Student: 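The structure is given below, and queries will be raised subsequently.
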Amino acid sequence: MKNHPMVCNLETGVCGVAGEEELGIIDFNQPKKSIEVYYVTDPICSHCWALEPVLRRFIEQYGHYFNFHTIMGGLLEKWGNGPVDPANGISGPADVVGHWREVGENYRMPIDGTVMMKNPVQSSYPPSRVFKVIQKNQHDAIAFEYLRRAREALFVFNQNIADTSVMIDIVNRLGLDGAAIVNESEQTSGQQLLNEDFDLARNLGVRGFPTIIMMNEDHKGLKIVGGRPFVNYVEGLKHVLNFEELQPKQQPSLLSLLEKEKLLFSKEIEVMYDLEKSEVISYVKKELSSDQYEMKEILGECYITTK
C-alpha cells in the first residue's frame, strides 16, 4: 500500500489507490476577456428598463467572457424640436405615458408613467451626465447602480430624475456626495464626457436603444437591437467567440442577489432562476428567512426589498 498513492473519493466516500488520472496539470486562470460588450442606453429608455432582468442574468453568468461598457446614447435633449419617437407617436411628455405603460405590461417590469403628465422629465441629459461623472470618478459598478436606482425612481415611483434634488438624493443613497457629483455634472466637463459617449455610439452605428454590440479582438462582431430573450445574447456571445459551448457561472443565491440589488421585481427573479410567475412567492419563502426581506406589490407586480 505504501508504494501506491492513496485517495479518498469525495463522491463515493471510499478510500483506495489513486488512478493515473489523479495526476495532471490544471489551469486556474480565468478565460481571457477577448470580447468587448457595449450596452448603449439612456436613463429614460423604457425598453432598457424592460431588458434589465435578461441583461442582469447575462452579466452574472457570462460576464467572465467579456468586458462590459455602458454607453449613454442621448435619447432626449429637450422637447419641442419635432417628434422624439415618431414611430410611436411621441412628440411631447404626455404622449409617453401610454407607450410606457404598454411596455411595462408587455414585459412585466412595472411602469406607472404619470410623472410625465404631472412633472415630466424635460431632458435625459442631466441624469446621463451624472452617470458619466460617477463612472469617471468612482467605478463602473457604482455608476451602473446609479442607473438602476434612477430608473426605479422614474418608472416605478414617479420621480423626475432630471430634477437636481432627485439626482442628489439618488447619489447620496449610493454613499457618495450627491451635491458635489451633480454640481460637477453641470460643468462643461460633464457635457464633454457625455459627448464622448455620443460619438462612440455614432461610431458603433447605434440608432436606437437598447443596443448591445459584441466585438472580438479583430473588431468583428454583432449588434443586437431591442430587448431580446436571454438565449439570443448567449448565442450571440458564442458566435463572436466562435465557441460551440460556453461555461456559465452558477446563478447567485437569491440572498446575495437581493443584498446586491436591494430591490427585485418578480420578473427579475423569474428570469434569473427559470421560474414561472406562480412559483416566485414560494421560491422566495424557501430561499429567504422572513427577517431578510419585505414583499410588496405595485402596479399588479410583486417585488422584494431588503429590510
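Throughout, residue positions are numbered sequentially from 1 according to the sequence presented. It should be emphasised that the depicted structure is a prediction, and the values quoted were computed from it without experimental measurement.
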Student: Using the ring pair (Phe, Tyr, Trp, His ring centres under 6.0 Å) rule, collect all pairs that involve residues 157-194, keeping only residues at least two apart or in two chains.
Tutor: none

Student: So for atom CZ, which belongs to Arg207, do other residues, nucleotides or ligands contribute more than 12 heavy atoms lying within a distance under 6.0 Å?
Tutor: no

Student: Are more than 12 heavy atoms from other residues, nucleotides or ligands located less than 6.0 Å from atom CG of Asn242?
Tutor: no

Student: Flag the pair Glu235 / Asn232 as yes when at least one side-chain heavy-atom distance between them is below 4.5 Å, and no otherwise.
Tutor: no

Student: Once ring-ring contact (aromatic ring centres under 6.0 Å, His included) is applied, do any residues pair with Phe209, and if so which ones, sequence neighbours excluded?
Tutor: none

Student: Indicate yes or no for a side-chain donor-acceptor contact from Asp42 to the backbone of Leu75 under 3.5 Å, with no hydrogens or angles considered.
Tutor: yes

Student: For His69, what residues pass the ring-ring contact (aromatic ring centres under 6.0 Å, His included) criterion, not counting sequence neighbours?
Tutor: Tyr38

Student: Quick one: ring-ring contact (aromatic ring centres under 6.0 Å, His included) partners of Tyr293, sequence neighbours excluded?
Tutor: none

Student: Tell me, please, which residues at least two apart from Tyr283 pass ring-ring contact (aromatic ring centres under 6.0 Å, His included).
Tutor: Tyr273

Student: Between Lys260 and Glu60, does any side-chain N to carboxylate O distance fall below 4.0 Å?
Tutor: yes

Student: Any non-hydrogen side-chain atom of Leu147 less than 4.5 Å from a side-chain atom of Met72?
Tutor: yes

Student: Residues in side-chain contact (heavy atoms from CB on, under 4.5 Å) with Gln247, at least two apart?
Tutor: Tyr65

Student: Over all heavy atoms of both residues, which pair between Leu246 and Val234 is shortest? Give the atoms and the distance, please.
Tutor: CD1-O, 4.0 Å

Student: Could you check if a side-chain atom of Leu222 sits within less than 4.5 angstrom of a side-chain atom of His239, using non-hydrogen atoms only?
Tutor: yes

Student: Partners of Ser123 by side-chain contact (heavy atoms from CB on, under 4.5 Å), sequence neighbours excluded?
Tutor: Tyr125, Pro126

Student: Is the backbone N or O of Val271 less than 3.5 Å from a side-chain atom of Arg57, with the two atoms forming a donor-acceptor pair by type?
Tutor: yes

Student: Side chains of Val115 and Gln159, heavy atoms from C-beta outward: is any pair under 4.5 Å?
Tutor: no

Student: For the residue pair Phe68 and Phe144, categorise the inter-ring angle as parallel (less than 30°), tilted (30 to 60°) or perpendicular (more than 60°).
Tutor: perpendicular

Student: Could you check whether any side-chain N or O of Trp49 sits under 3.5 Å from a backbone N or O of Ile44, counting only pairs where one atom can act as donor and the other as acceptor?
Tutor: no

Student: Phe66 vs Phe58 aromatic rings, parallel, tilted or perpendicular, using cut-offs 30° and 60°?
Tutor: parallel

Student: Would the number of heavy atoms belonging to other residues, nucleotides or ligands and lying under 6.0 Å from CD of Glu276 be above 12?
Tutor: no

Student: Ignoring hydrogens, what is the shortest heavy-atom contact between Thr211 and Gly208? Give both atom names and the distance.
Tutor: OG1-O, 2.6 Å

Student: Tracing side-chain links under 4.5 Å among I, L, V, M, F, W and Y, which residues wind up in one group with Val225?
Tutor: none

Student: Filter on salt bridge (charged side-chain N to carboxylate O under 4.0 Å, His left out), then keep only pairs touching residues 176-193, sequence neighbours left out; what's left?
Tutor: Lys136-Glu184

Student: So Met295 and Leu288, do their side chains get closer than 4.5 Å, heavy atoms only?
Tutor: no

Student: Would a 4.5 Å heavy-atom cut-off, applied to side chains only, mark Cys48 and Tyr39 as touching?
Tutor: yes

Student: Are the side chain of Asp163 and the backbone of Ser165 linked by a donor-acceptor contact shorter than 3.5 Å?
Tutor: yes

Student: Check whether any side-chain heavy atom of Leu237 sits under 4.5 Å from a side-chain heavy atom of Tyr233, and report yes or no.
Tutor: no

Student: Looking only at atom types and distance, does a side-chain atom of Asn160 sit under 3.5 Å from a main-chain N or O of Pro120, one as donor and one as acceptor?
Tutor: yes

Student: According to salt bridge (Lys or Arg N to Asp or Glu O under 4.0 Å), who are the partners of Glu152, at least two apart in sequence or on a separate chain?
Tutor: Arg148, Arg149

Student: Show every side-chain hydrogen bond (donor to acceptor under 3.5 Å, both in side chains) that has at least one partner inside residues 100-111, sequence neighbours left out.
Tutor: Arg108-Glu270, Arg108-Glu301

Student: Which pairs count as salt bridge (charged side-chain N to carboxylate O under 4.0 Å, His left out) when at least one residue sits in residues 115-132, sequence neighbours excluded?
Tutor: Lys132-Asp197

Student: Between Asp199 and Glu196, is there a donor-acceptor pair closer than 3.5 Å when you use the side chain of the first and the backbone of the second?
Tutor: no

Student: Does one hydrophobic cluster hold both Ile134 and Ile71, with members joined at side-chain heavy-atom distances below 4.5 Å?
Tutor: yes

